[in-house]
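The sequence lines fix the lettering, A, B, ..., with proteins before strands; numbering per chain opens at 1. Values below: every heavy atom of this structure, side chains too, minus hydrogens, waters and symmetry copies.
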Protein chains: 2
Amino acid sequence: MRYFVAVAEELHFGRAAQRLGIAQPPLSRAISRLERRLGAVLLERTSRAVTLTEAGAVLLREGRAALYAVEAAERRTRRAATGHHGVVLATKAGASGELLAKLLDAYAAEPGAVGVDVLLCGIGEQERLLRDGRADVALLHLPFDATAGLDTEELHTEGQVLLLPAGHPLAGRPHVRMAEVADLPGLPLPRWPGPDGTYPDGPGPQARDTAQLYQLIALGRACVIMPESGGVHLRGDLATVPVLDAPPVTTVIAWPPHSRSKAVADLVRTATGL
Amino acid sequence: MRYFVAVAEELHFGRAAQRLGIAQPPLSRAISRLERRLGAVLLERTSRAVTLTEAGAVLLREGRAALYAVEAAERRTRRAATGHHGVVLATKAGASGELLAKLLDAYAAEPGAVGVDVLLCGIGEQERLLRDGRADVALLHLPFDATAGLDTEELHTEGQVLLLPAGHPLAGRPHVRMAEVADLPGLPLPRWPGPDGTYPDGPGPQARDTAQLYQLIALGRACVIMPESGGVHLRGDLATVPVLDAPPVTTVIAWPPHSRSKAVADLVRTATGL
DNA sequence: CGGGATCGATACCCGTGGGGTATCGATGCG
DNA sequence: CGCATCGATACCCCACGGGTATCGATCCCG
């Protein structure tokens with residue numbers, strides 16, 4: 001399964017074998033064996049290109065989920081064995097700072113509270129972390145993060161603001177609309193790296209975290225639309241303007257569906273009661 | 001993992017080995033190997049008894065989920081490979097009959113509708129069927145069925161009625177309360193088989209399906225509390241009485257969280273629009 | 001149009017890991 | 001105290017997964 005996912009992602013037997021730390025021939029054989037066992041053609045290969053069949057696409061999605069489940073089983077068992085009863089909370093670096101602080105304070109005051117390790121992660125990573133057992137609970141932001149397959153509780157909904165250089169003409173406006181922001185001359189929206197660490201193609205500068213982002217905006221090279229709470233502690237060289245028709249952002253607390261941990265349950269209850 | 005789950009369920013190496021179709025010694029070795037790889041003691045064994053450790057309980061839960069995920073990956077890939085684009089809907093035998101009929105009719109009239117195989121299953125089985133890929137979508141009844149880890153949409157909420165023999169003194173009452181039903185002389189609640197096919201201990205007759213149940217009730221050997229819609233097409237020898245304080249039953253349509261199938265999406269949309 | 005480069009498949013060899021049988025050691029019971 | 005039960009250990013063997021060498025097909029370029 002690991003082998004198939006690697007090939008399906010690379011669409012190249014040689015590179016996939018390298019990534020897996022094995023030679024190419026055993027990889028080829030493993031894939032054909034898998035195809036024979038499933039009675040399904042997973043990959044169309046010519047000597048120049050490898051493409052996924054429909055069945056292959058299904059197995060890529062389902063197989064990834066299965067691999068995550070196995071990883072999660074390993075990790076959670078190891079953690080349970082150490083007797084270390086802390087809980088790992090994942091959240092995007094630089095988001096929901098205030099909410100997170102209130103949550104951690106309130107939970108620490110609960111009877112029976114255990115240690116909470118905060119795991120700051122990149123955009124969209126939380127789902128993966130919950131799924132493969134590296135985190136026990138996470139703060140997500142709808143509609144950006146996927147919550148399929150996770151149990152969630154809504155915590156907070158807020159509007160979004162446009163973040164731009166303090167001196168910009170729009171900075172003095174009481175509010176703006178999405179259409180006005182779409183193509184501000186010289187202020188494109190930045191590009192964020194995807195889960196694989198590469199940046200999508202297109203215009204706009206590349207930013208990896210909020211520090212880089214603030215820098216870019218201060219330099220007048222970008223603007224961004226973000227939740228109100230992300231713009232409360234501003235540098236003097238940045239300004240915010242409410243965006244009237246931006247989709248509202250809902251912060252939710254999410255946890256893997258089979259969680260039987262008292263700590264996670266307490267944390268969720270504390271969060272919803274804030 | 002399969003080996004560990006078998007041992008953890010049987011709590012007996014010999015029986016587990018038999019169930020797995022292998023001899024006992026390799027099973028013992030496989031488990032110790034797993035324990036060494038995870039660095040965790042999973043089972044306390046004396047020569048007379050085997051018990052789960054805390055870490056073992058975690059691995060049992062997570063490992064089951066992982067095994068289901070692998071089975072689901074296999075099944076869904078095989079199905080995708082056949083090019084057979086039908087969808088499998090699981091529902092409890094004898095429940096939600098009218099709703100199901102309306103849903104199937106309405107969906108069949110949709111443009112792009114595909115074949116729907118209805119898979120009638122026992123109580124509480126739907127979750128398992130969705131998880132291991134044998135079904136694509138299911139009708140569940142809250143609060144009885146677990147929905148953790150599934151995506152759901154609510155369809156319908158209804159009260160519950162008491163089902164008893166037509167001649168019974170309570171049959172003429174306009175309504176009853178839970179407390180009155182708890183210990184009706186000579187009319188105990190029946191026992192249902194669990195997921196493993198065995199009946200729980202206790203009083204009350206054993207019933208495997210609604211036909212057996214109706215028979216038992218008509219014979220004056222049992223009564224049961226069920227959703228209103230289960231009592232609409234009654235045999236003449238049965239009567240229903242609303243139970244005022246029974247928890248309301250919500251019928252939901254559920255599907256596995258990563259479903260990318262247009263058919264499932266259409267079915268869900270049709271169901272919510274009924 | 002042909003030679004080289006690229007890439008997946010095939011042929012062949014080898015070592016290890018997982019399976020089998022026989023047996024041991026510990027524990028509970030009559 | 002002897003026997004039955006049950007998991008662990010010892011020992012053997014083969015099949016499966018991995019490695020190297022090479023083939024065959026396709027595309028690129030001169």
Which whole-number value in Å describes the distance from [X] [atom1] to [N] [atom2]?
{"X": "A:Leu27", "N": "C:dC7", "atom1": "CG", "atom2": "C1'", "result": "12 Å"}
{"X": "A:Met1", "N": "D:dG17", "atom1": "CE", "atom2": "P", "result": "15 Å"}
{"X": "A:Tyr3", "N": "D:dG18", "atom1": "OH", "atom2": "P", "result": "4 Å"}
{"X": "B:Phe13", "N": "D:dG7", "atom1": "CZ", "atom2": "P", "result": "6 Å"}
{"X": "A:Arg15", "N": "C:dG8", "atom1": "CZ", "atom2": "P", "result": "8 Å"}
{"X": "A:Gln18", "N": "D:dG18", "atom1": "CD", "atom2": "C1'", "result": "17 Å"}
{"X": "A:Leu20", "N": "D:dG17", "atom1": "CG", "atom2": "P", "result": "15 Å"}
{"X": "B:Glu35", "N": "D:dA8", "atom1": "CD", "atom2": "C1'", "result": "12 Å"}

A:His12 side chain to A:Arg15 backbone, donor-acceptor under 3.5 Å: yes

Partner of A:Leu130 under side-chain contact (heavy atoms from CB on, under 4.5 Å), chosen from A:Thr147, A:Leu150, A:Asp151, A:Asp136: A:Leu150

Passing candidate, side-chain contact (heavy atoms from CB on, under 4.5 Å) with B:Leu67, options B:Glu62, B:Arg131, B:Arg2: B:Arg2

Phosphate OP1/OP2 of C:dA9 contacted by A:Ser28 side-chain N/O (<4.0 Å): yes

Proximity to the side chain of B:Ile22 - top-ranked nucleotide from D:dG7, C:dG8, C:dG20: C:dG20

Electrostatic pair B:Glu9-B:Arg64, nearest N-O below 4.0 angstrom: yes

Charged N-O contact under 4.0 Å between A:Glu35 and A:Arg45: yes

Nearest-nucleotide comparison on DNA chain D, the residue closer to the 5′ end among B:Gly14 and A:Arg33: B:Gly14

Within-4.5 Å side-chain heavy-atom neighbours: A:Arg75 and A:Asp132: yes

Donor-acceptor pairs under 3.5 angstrom involving side-chain atoms of residues 52-60 of chain B: please list them, not counting sequence neighbours.
unit_1, atom_1, unit_2, atom_2, d
B:Thr53, OG1, B:Val41, O, 2.7
B:Thr53, OG1, B:Leu42, O, 3.1
B:Thr53, OG1, B:Ala55, N, 3.4
B:Thr53, OG1, B:Gly56, N, 3.0
B:Glu54, OE2, A:His85, NE2, 3.3

Per-nucleotide protein contact string for nucleotides 20-25 of chain D, where B marks a base within reach and S marks sugar-phosphate only (heavy atoms under 4.0 Å, - for neither): BB---B

